[in-house]
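Below, all heavy atoms of this structure are taken into account, side chains as well, without hydrogens, waters or symmetry copies. We count ligands from 1, going down the list as the structure has it; atoms in each ligand are counted the same way. Here the structure is a predicted model, which means the values were calculated and not measured.
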Amino acid sequence: MARIEIDDLTKVYDSGDESIVAVEDLDLAVDDGEFLVLVGPSGCGKSTTLRCIAGLEDVTGGTLQFGERDVTDLRGSERDVAMVFQNYALYPHMTVRENIGFGLKLSTKLTAAEISERVESVAEMLGITELLEDKPKELSGGQQQRVALGRAIVREPSVFLMDEPLSNLDAKLRAEMRTELQELQQDLDVTTVYVTHDQTEAMAMGDRVAVMNDGVLQQVGSPEGIYRQPTNEFVANFIGSPSINLLTAEVDGNTLVGPAGFSYRLSDTAPVEGHSTVRVGIRPEDITLTEDGANHATVSVVEPMGNENFCYMELGDHELTARIDPDLRPQAGEEVRFTFDEKALYLFDADSGAALKTKSDAVSPGIGTEVSR
Ligand code: ADP
C-alpha cells in the first residue's frame, strides 16, 4: 500500500507540428488506502494522468511518488501497480483460472501451488469460484469484468488504477458493480485511482473526487463538498444531475436582474460588490414552485420520476429545471411562479467563472473542500 503524490505533472504529446498539452501542472495526493475518482469531460486528461501514474507514459515534467519511493523514472513493471481497463481483454483461449493466474506466473517466483491458492482466494472474494474452469466466451459481461478485476487483485499491488472499468456494462449491472467494487476496495484497503467521465459514478464512489477540465485540475474534495462548494462555474455545472441552472444577471445595487423579467433581491452581505454582471446558479432541488414566488416562467415539460418530478421551464431563452413534488403536475404552457432561498444560491464571476458565493453557509462543518493548489 502506498500514498501517491503527484507534483507538477505535465504531459505534452507531440503529434507532427502540433503539441497537445494533455495534463498541465497537476498537483494531487492520494492517501494510503483512499479511493480517489478522477472525473471530467472526454479529452480533459484523465486517462493520460492515470497512464503517467501507471508508467505507461513518460512524463514531460513533474514527479510521481509512491510512499517514500520516487517512481517518476521507473518502468511500469517496477512500480507495483495493477490497472483495470474498460476493455478487459481476457485471453480467450485460457480458462478463468489461467487468466487470473497468468500475470503471477510471468512476474513472480511463486510456485504453481501458491499461485493456485491465491487465484482461488481471489475467485472466492469475487464470487466466481464456480467459473474457474470456464473460458471467457462462456461468461456474461459482469463476470468477465470480475475476472479482469481478479487478475489485478491477485497481484496484491500497492496501487490500483482503473480506467472506466464499468462503462461496458449495462446500467443495472454497472450500479451493482459500483457497490461491489467499493466494498472490495475497502476490504483490500489498496490506494485506488479510478477514472470516469460519469459524474454520477464519481459522486457515488469516491472518498474524494478530483475534477479536471482541459488538462487542468479544477478541484479536489468530498462529493458533498464539490457539489455544495464548487470552486468555479465549470465544477458547479459538471457535477449534479439534472445540471445546475445558470444564467447571467446584471447587478443593480443589491438586486440581480436577469433575462425575461428575472429579478432577485439579495441581502446586504451578498458578495457582489464591484461586479456589474454575475453568473447566477440555482440547483434544480432548490427551486420551489409557489404562487407567491417573485419570479415566473413557462412550463415546457414535466417528467415524472416516481419519487419526484422534473419540471422544465422557459425563462426567456433559458431553460430552467426544477425538481418538484411528485404530486405537483403543472401543465405544459402554464405560467408558474417560483422562488428560492438565498442560502442555496451560487454566484460566479462573469469573466473568470470563479465562485463568489456557494451553498457553503448551508453545509455542516467538516465537509470542506481542498481547492487545487
Ligand atoms: P480523457 O481520458 O480525459 O478523455 P485523455 O487523457 O485521453 O483524456 O486525452 C487528453 C488529451 O490528450 C486529448 O486532447 C487527447 O486527444 C490527447 N492525447 C491523448 N493521448 C494522445 C496520444 N497518444 N497522442 C497525442 N495526443 C493524445
Side-chain angles (χ1 to χ4, degrees), residues 4-30 35-64 71-77 79 81-89 145 148-149 152 159-169 174 177-178 181 191-206 208-221 223 226 230-241 243 353 372:
I4 304 173
E5 183 148 346
I6 305 169
D7 284 308
D8 239 0
L9 173 71
T10 295
K11 175 68 189 178
V12 181
Y13 290 108
D14 286 312
S15 49
D17 332 320
E18 222 195 342
S19 287
I20 297 166
V21 183
V23 181
E24 194 175 356
D25 295 335
L26 180 106
D27 288 320
L28 185 63
V30 190
F35 194 120
L36 181 111
V37 179
L38 205 51
V39 70
S42 177
C44 73
K46 308 177 292 291
S47 292
T48 301
T49 304
L50 205 69
R51 292 171 61 81
C52 288
I53 302 173
L56 298 172
E57 299 282 356
D58 293 331
V59 306
T60 311
T63 58
L64 286 156
V71 299
T72 318
D73 297 320
L74 292 186
R75 281 185 306 202
S77 55
R79 291 191 188 187
V81 298
M83 194 148 168
V84 184
F85 297 94
Q86 173 178 355
N87 297 318
Y88 13 87
Q145 188 52 279
L149 276 173
V159 169
F160 267 137
L161 303 172
M162 305 196 182
D163 195 350
E164 308 252 3
L166 306 183
S167 51
N168 280 352
L169 307 178
R174 201 158 63 218
M177 287 291 287
R178 263 185 211 157
L181 251 182
T191 313
T192 303
V193 184
Y194 184 105
V195 160
T196 178
H197 66 279
D198 179 348
Q199 63 86 29
T200 314
E201 192 159 291
M203 297 291 279
M205 294 185 80
R208 285 190 309 153
V209 176
V211 185
M212 286 184 77
N213 185 33
D214 217 3
V216 178
L217 181 65
Q218 305 290 308
Q219 187 170 11
V220 190
I226 56 169
T231 190
N232 58 31
E233 184 177 328
F234 174 82
V235 175
N237 199 16
F238 189 74
I239 300 291
S241 176
S243 301
S372 95

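Residue S47 has at least one N or O atom closer than 3.5 Å to an N or O atom of ligand 1. Backbone and side-chain nitrogen or oxygen atoms of A22 are examined, and none is located within less than 3.5 angstrom of a nitrogen or oxygen of ligand 1.
Taking a cut-off of under 4.0 Å to the non-hydrogen atoms of P41, the atoms of ligand 1 that pass are 3 (O). If you number the atoms of ligand 1 from 1 as listed, the ones under 4.0 Å from a heavy atom of G43 come out as 1 (P), 3 (O), 4 (O), 8 (O), 10 (C), 11 (C), 13 (C). Short contacts between ligand 1 and C44, defined as distances under 4.0 Å to a heavy atom of the residue, involve ligand atoms 1 (P), 3 (O), 8 (O). Heavy-atom proximity to S42, at under 4.0 Å, picks out these atoms of ligand 1: 4 (O).
Counting protein heavy atoms only, atom 8 (O) of ligand 1 is closest to G45 N, 3.2 Å. For atom 15 (C) of ligand 1, the closest non-hydrogen atom on the protein side is I20 CG2, 4.9 Å. Of the protein's heavy atoms, Y13 CE2, 3.6 Å lies nearest to atom 23 (N) of ligand 1.
Judged purely by atom type and a 3.5 angstrom limit, K46 uses its side chain to pair as donor or acceptor with the backbone of G40. The closest donor-acceptor contact from the side chain of Q218 to the backbone of V235 lies at 3.5 Å or more, if one exists at all. The closest donor-acceptor contact from the side chain of T196 to the backbone of V39 lies at 3.5 Å or more, if one exists at all. Using modelled atom types, no side-chain atom of K11 and backbone atom of I20 make a donor-acceptor pair closer than 3.5 Å.
With rounding to the nearest 0.5 angstrom, the CG atom of L217 is 10.0 Å from the SG atom of C44.
Side chains of N168 and Q145: a donor-acceptor N/O pair is absent below 3.5 angstrom, by distance only.
Contact annotation: for T48 versus ligand 1, heavy atoms closer than 4.0 Å belong to both the backbone and the side chain. Contacts between S15 and ligand 1, counted as non-hydrogen atom pairs separated by less than 4.0 Å, are absent for every part of the residue.
Exactly one residue among T49, V12, T10, V216 makes a side-chain contact (heavy atoms from CB on, under 4.5 Å) with V23. That residue is T49.
Protein non-hydrogen atoms do reach within 4.0 Å of atom 1 (P) of ligand 1.
The number of heavy-atom neighbours closer than 6.0 Å to CG of D14, taken from other residues, nucleotides and ligands shown, is above 12.
Not a single heavy atom of G40 sits less than 4.0 Å from an atom of ligand 1.
Heavy atoms only, all atoms of each residue included: R79 and V71 are closest at NH2-O, 3.0 Å.
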